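These numbers come from a predicted model, not from an experiment. When a residue number appears, it is its place in the shown sequence, counting from 1.
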Amino acid sequence: MVRISVLNDALKSISNAEKRGCRQVKCRPSSKVIIKFLEVMLKHRYIGEFEVVDDHRGGKIIVNLIGRINKCGVISPRFDVQINDLEKWITNLLPSRQFGYIILTTSYGIMDHEEARKKHTGGKILGFVY
């Protein structure tokens, strides 16, 4: 079977393991986008530490879960989001204003919507976590 989205597979496995109450989850294969997405989740304390294991087959990531993720997912296709359209996406995707983050890929790197608003930049929407 062909993998369409590696990021989607990783976030689904994290979400499913979180629902089952697991303490760790293994995501494979790894990619730079997954690592940056997990760094944003780590910064906002949705996950514990994660470790990237290079097994010369595509790599894998072992993520420690702390039980704070309600839902995380990918938005496909990666829609363009301008800075003034960001509020519309926040109300559509997140359950509340002060709860959760939309993760964007911008010309300044992968960041959440609050950091993108501070840097006054738009980008393409990758996914969300709350």
Side-chain angles (χ1 to χ4, degrees):
M1 187 167 154
V2 179
R3 287 187 191 261
I4 303 299
S5 173
V6 177
L7 180 62
N8 194 13
D9 291 346
L11 291 183
K12 277 286 190 225
S13 63
I14 289 171
S15 183
N16 290 339
E18 190 78 65
K19 286 176 189 169
R20 289 191 61 205
C22 298
R23 304 301 299 157
Q24 276 190 338
V25 63
K26 180 172 63 174
C27 306
R28 46 177 293 271
S30 85
S31 73
K32 292 180 193 175
V33 176
I34 295 174
I35 292 169
K36 294 291 184 185
F37 200 99
L38 290 176
E39 284 173 359
V40 173
M41 289 171 67
L42 178 66
K43 185 175 89 173
H44 295 294
R45 298 192 184 274
Y46 280 102
I47 59 172
E49 295 292 318
F50 65 92
E51 178 186 357
V52 180
V53 179
D54 183 24
D55 57 358
H56 300 292
R57 290 191 194 120
K60 58 187 167 189
I61 303 170
I62 300 169
V63 182
N64 294 326
L65 302 174
I66 57 176
R68 285 206 50 213
I69 298 174
N70 293 323
K71 190 172 184 184
C72 61
V74 172
I75 302 300
S76 181
R78 295 180 179 176
F79 292 106
D80 289 328
V81 178
Q82 294 178 350
I83 191 73
N84 49 7
D85 293 338
L86 199 55
E87 194 64 38
K88 181 186 76 158
W89 282 97
I90 291 169
T91 55
N92 287 343
L93 290 175
L94 300 180
S96 157
R97 277 181 167 297
Q98 62 271 68
F99 192 66
Y101 295 96
I102 293 177
I103 295 160
L104 306 165
T105 175
T106 66
S107 55
Y108 296 107
I110 294 176
M111 61 185 73
D112 60 272
H113 69 273
E114 290 177 354
E115 190 178 344
R117 193 178 279 151
K118 284 178 191 166
K119 291 188 177 180
H120 200 74
T121 182
K124 291 187 180 287
I125 191 163
L126 277 180
F128 60 91
V129 60
Y130 58 84

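Inspection of the N64 and E49 side chains reveals no N or O donor paired with an N or O acceptor under 3.5 Å.
Contact check on K43 versus E115 returns a salt bridge, with a Lys/Arg side-chain nitrogen under 4.0 Å from an Asp/Glu carboxylate oxygen. Ion pairing of K60 with D54 is absent here, as no side-chain N (NZ or NE/NH1/NH2) approaches a carboxylate O to less than 4.0 Å.
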Test log, rule salt bridge (charged side-chain N to carboxylate O under 4.0 Å, His left out), inputs K119 and E114
CA-CA 9 Å; K119 291 188 177 180; E114 290 177 354; over 6 Å; no
Let me see the working for V81 and K124 under side chain to side chain contact (heavy atoms under 4.5 Å, CB included), right down to the final yes or no.
CA-CA 6 Å; V81 178; K124 291 187 180 287; over 6 Å; no
Begin from the C-alpha positions of E18 and K71 and carry the test salt bridge (charged side-chain N to carboxylate O under 4.0 Å, His left out) through to its verdict.
CA-CA 9 Å; E18 190 78 65; K71 190 172 184 184; over 6 Å; no
What's the verdict on side chain to side chain contact (heavy atoms under 4.5 Å, CB included) for I47 and I66, showing C-alpha distance, side-chain angles and the deciding distance?
CA-CA 6 Å; I47 59 172; I66 57 176; 5.6 Å; no
With side chain to side chain contact (heavy atoms under 4.5 Å, CB included) as the criterion, how do M111 and T106 come out once you've worked through the C-alpha distance, each side chain's angles and the decisive distance to 0.1 Å?
CA-CA 7 Å; M111 61 185 73; T106 66; 3.3 Å; yes
V129/I103 under side chain to side chain contact (heavy atoms under 4.5 Å, CB included): CA gap, chis, key distance, verdict
CA-CA 8 Å; V129 60; I103 295 160; 4.1 Å; yes
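L7 is connected to I14 through a chain of hydrophobic side-chain contacts under 4.5 Å among Ile, Leu, Val, Met, Phe, Trp and Tyr, so both are in one cluster. Under the 4.5 Å side-chain contact rule for hydrophobic residues, F128 and I125 share a cluster. Tracing side-chain contacts under 4.5 Å through hydrophobic residues (I, L, V, M, F, W, Y), one never reaches I110 starting from L104; they form parts of separate clusters. Note on V52 and V33: same hydrophobic cluster, where clusters join Ile, Leu, Val, Met, Phe, Trp and Tyr whose side-chain heavy atoms are under 4.5 Å apart, directly or indirectly. The hydrophobic cluster containing Y46 does not contain I90, counting ILVMFWY residues as joined when their side-chain heavy atoms lie under 4.5 angstrom apart, directly or transitively.
Once rounded to the nearest 0.5 Å, the distance linking CZ of R117 with CD1 of I83 reads 6.5 Å. Interatomic distance, N8 CG to I75 CD1, rounded to the nearest 0.5 Å: 9.5 Å. In this structure, C27 SG and L11 CG are separated by 8.0 Å, a value rounded to the nearest 0.5 Å. Between atom CG of residue N92 and atom CG of residue L94 there is a gap of 9.5 Å, rounded to the nearest 0.5 Å. Taking CG from L65 and CE from M41, the interatomic distance works out to 8.0 Å, rounded to the nearest 0.5 Å. A distance of 11.0 Å separates CD1 of I62 from OG of S30, quoted to the nearest 0.5 Å.
Shortest non-hydrogen contact noted between G58 and P29 is O-CB, 3.7 Å. Pairing each heavy atom of V25 with each of S13, the nearest pair is CG2-O, 3.7 Å. In terms of heavy-atom proximity, N70 sits nearest to F99 at ND2-CZ, 3.5 Å.
Between W89 and F79, a ring centre-to-centre spacing shorter than 6.0 Å is recorded.
For H113 (side chain) and I102 (main-chain N/O), a donor-acceptor pair under 3.5 Å exists by modelled atom type.
Screening residues 26-39 for salt bridge (charged side-chain N to carboxylate O under 4.0 Å, His left out), with sequence neighbours left out, gives K36-E39.
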